[in-house]
Amino acid sequence: MKKLVKILAATAVLAVSLTGCKKATDGKFVLGLDASFPPMGFTAANGEIIGYDIDLAKEVAKRLNKEFVAKPINWEAKEMELSSGSIDCIWNGFTITPEREEAMSLTKPYLNNDQVLVVRKEGDIKSLKDAKGKVIGVQASSSAEDAIKANQEFNSSVKKVVLYEENLTALTDLEVGGVDAVVMDSVVANYTILTSGKPLEIIGESLAKEAYGIGFRKDEKGQALRDQVQATLEQMASDGTVEKISLKWFGSDISVIGK
């Protein structure tokens, strides 16, 4: 009897263990994101994750008959989260780069973006050259950090680059003088400055131009899901759904899907 109890107990533990290790299932569409990246995907005051990418993804999931799940992740570990199967895609202002195209299955661009320098309005930085000898903040493992490294003239001229876990913390530090400027996505910078009323501004020069895509695993299943999502987005662009979502978040249709 004791042996039977032990076997049943071991079976129960194994079942719980296997349940805890389940990867993203076919019935769900699990989106990995940095939940502090407005207006693409971020946490509202009531705790709900909202944003432009979230609205697009929810509609895609609905049309694919899948349950939508938004899963906040550590942005520095995004590739590991995807490869391990804990998320189905990275969809959160995810910049298309040659390295990411090599490592993942990416959709076509759905939005254009620039890496820009955000500064205090009363500060003395009015151009990229003015950043010489200054302390610059940036989100770690982001395309903004890549843009700094790629621009050798800019990178070698600044005094120091400070890494942050996410952009909103970097902007708060900028506001109180912890850093002199922050390099970040123009889409996020414009929205944050407009909605927060922070005494910040974007200088006119762009550090790098880029486009957003959605990243999937580079295997047969990941590529198939990528193709389904791409086709659904193009359908949504054709029937006016993408324009409606863009108007909600940006006041105009800035999408490049199907264009």
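In this chain, numbering begins with 1 at the start of the sequence shown.
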**Message:** Counting neighbours of CD on Q235 that are heavy atoms of other residues, nucleotides or ligands and sit closer than 6.0 Å, is the number greater than 12?
**Reply:** yes

**Item:** Verdict with supporting geometry, R100 and S143, side chain to side chain donor-acceptor pair (under 3.5 Å)
**Value:** CA-CA 11 Å; R100 289 172 178 173; S143 57; 5.1 Å; no

**Item:** Atom of L200, atom of K121 and distance for their closest heavy-atom approach
**Value:** O-CE, 3.4 Å

**Message:** Would you compute the distance between atom CG of N190 and atom CE of M184 and round it to the nearest 0.5 angstrom?
**Reply:** 9.0 Å

**Request:** Rounded to the nearest 0.5 Å, what's the gap from CH2 on W91 to CG on L33? Could you check?
**Result:** 12.0 Å

**Item:** Test log, rule side chain to side chain contact (heavy atoms under 4.5 Å, CB included), inputs E79 and M104
**Value:** CA-CA 9 Å; E79 290 86 357; M104 305 175 197; 3.5 Å; yes

**Prompt:** Nearest 0.5 Å, what's the OG1-NZ distance between T241 and K62?
**Reply:** 9.0 Å

**Close side-chain approach of K248 to K244, heavy-atom, < 4.5 Å** = no

**Message:** Test your reading of the model: is there a side-chain donor-acceptor pair from S186 to the backbone of D114, 3.5 Å cut-off?
**Reply:** yes

**Message:** Take a 6.0 Å sphere around NZ of K149 and say whether it holds more than 12 heavy atoms from other residues, nucleotides or ligands.
**Reply:** no

**Request:** Please assess T97 against E102 for the test side chain to side chain contact (heavy atoms under 4.5 Å, CB included), listing each intermediate value before the final yes or no.
**Result:** CA-CA 9 Å; T97 67; E102 181 68 25; over 6 Å; no

**Message:** For the backbone of L82 and the side chain of R217, can you confirm whether one donor and one acceptor N or O come within less than 3.5 Å of each other?
**Reply:** yes

**Item:** Connected via hydrophobic side-chain network under 4.5 Å: M80 and I214
**Value:** no

**Item:** Donor-acceptor contact present, side-chain S246 to main-chain I254, <3.5 Å
**Value:** yes

**Minimal non-hydrogen separation, A237 against V242, with atom names** = N-CG2, 3.6 Å

**Item:** W75 and N92: CA distance, side-chain angles, deciding distance, side chain to side chain donor-acceptor pair (under 3.5 Å) verdict
**Value:** CA-CA 10 Å; W75 198 244; N92 187 216; over 6 Å; no

**Prompt:** What's the spacing between T192 OG1 and L168 CG if we round to 0.5 Å?
**Reply:** 5.5 Å

**Request:** State whether the side chain of S84 and the backbone N or O of E81 hold a donor-acceptor pair below 3.5 Å, judged by distance alone.
**Result:** yes

**Message:** Please say yes or no: joined through hydrophobic side-chain contacts below 4.5 Å, possibly via intermediate residues, are V135 and L171 part of one cluster?
**Reply:** yes

**Asked** Under the 4.5 Å side-chain heavy-atom rule for ILVMFWY, direct or indirect, which residues accompany F154?
**Response** L117, V119, I125, L128, I136, V138, I148, V158, V161, L163, V183, I203, L207

**Fill in**
On a heavy-atom basis, the closest approach of E166 and S36 is CB-OG, 3.3 Å

**Request:** State whether the side chain of Q139 and the backbone N or O of Y164 hold a donor-acceptor pair below 3.5 Å, judged by distance alone.
**Result:** no

**Asked** Is the side chain of N46 donor-acceptor paired with the backbone N or O of E48 at a distance under 3.5 Å, no angle test?
**Response** yes

**Request:** May I ask you to decide if the ring planes of F29 and F68 are parallel, tilted or perpendicular, using 30° and 60° as cut-offs?
**Result:** tilted

**Item:** Q230 side chain to K108 backbone, donor-acceptor under 3.5 Å
**Value:** yes

**Fill in**
Correct closest heavy-atom pair for S86 and K71 would be CB-NZ, 3.4 Å

**Asked** Any side-chain heavy atom of I96 within less than 4.5 Å of one from E101?
**Response** yes

**Considering all heavy atoms, the nearest A35-I49 contact** = CB-CD1, 4.4 Å

**Request:** Taking all non-hydrogen atoms of both residues into account, name the closest pair between G133 and K159 and its distance.
**Result:** O-CB, 3.3 Å

**Asked** Does the side chain of I50 reach to within under 4.5 Å of the side chain of F42, using non-hydrogen atoms?
**Response** yes

**Item:** Side-chain donor or acceptor of K78 paired with backbone N/O of S141 under 3.5 Å
**Value:** yes

**Asked** Using links of under 4.5 Å between side-chain heavy atoms of ILVMFWY residues, direct or through other members, which residues join L247 in one cluster?
**Response** none

**Request:** Give, for atom CD of E205 and atom NZ of K126, the distance between the pair rounded to the nearest 0.5 Å.
**Result:** 13.0 Å

**Fill in**
So CH2 of W249 and CE of M40: to nearest 0.5 Å the spacing works out to 10.0 Å

**Close side-chain approach of F37 to D53, heavy-atom, < 4.5 Å** = no

**Item:** R226 (side chain) donor-acceptor with L106 (main chain) under 3.5 angstrom
**Value:** yes

**Request:** Could you walk me through whether L31 and I54 pass side chain to side chain contact (heavy atoms under 4.5 Å, CB included), step by step?
**Result:** CA-CA 9 Å; L31 179 153; I54 301 302; 4.2 Å; yes

**Message:** Test your reading of the model: is there a side-chain donor-acceptor pair from T232 to the backbone of V60, 3.5 Å cut-off?
**Reply:** no

**Message:** Taking the side chain as everything from C-beta on, heavy atoms only, tell me whether V229 gets closer than 4.5 Å to L64.
**Reply:** yes

**Asked** Should L111 and Y52 count as side-chain neighbours, where that means a heavy-atom distance under 4.5 Å?
**Response** yes

**Prompt:** Quick one: are D146 and Q115 in side-chain contact, heavy atoms under 4.5 Å?
**Reply:** no

**Item:** Heavy-atom check, side chain of V118 versus side chain of K198, under 4.5 Å
**Value:** no

**Prompt:** Can you hop from V256 to I245 via hydrophobic side chains spaced under 4.5 Å?
**Reply:** no

**Prompt:** Linking I/L/V/M/F/W/Y whenever any side-chain heavy atoms sit under 4.5 Å apart, do I202 and Y191 land together?
**Reply:** yes

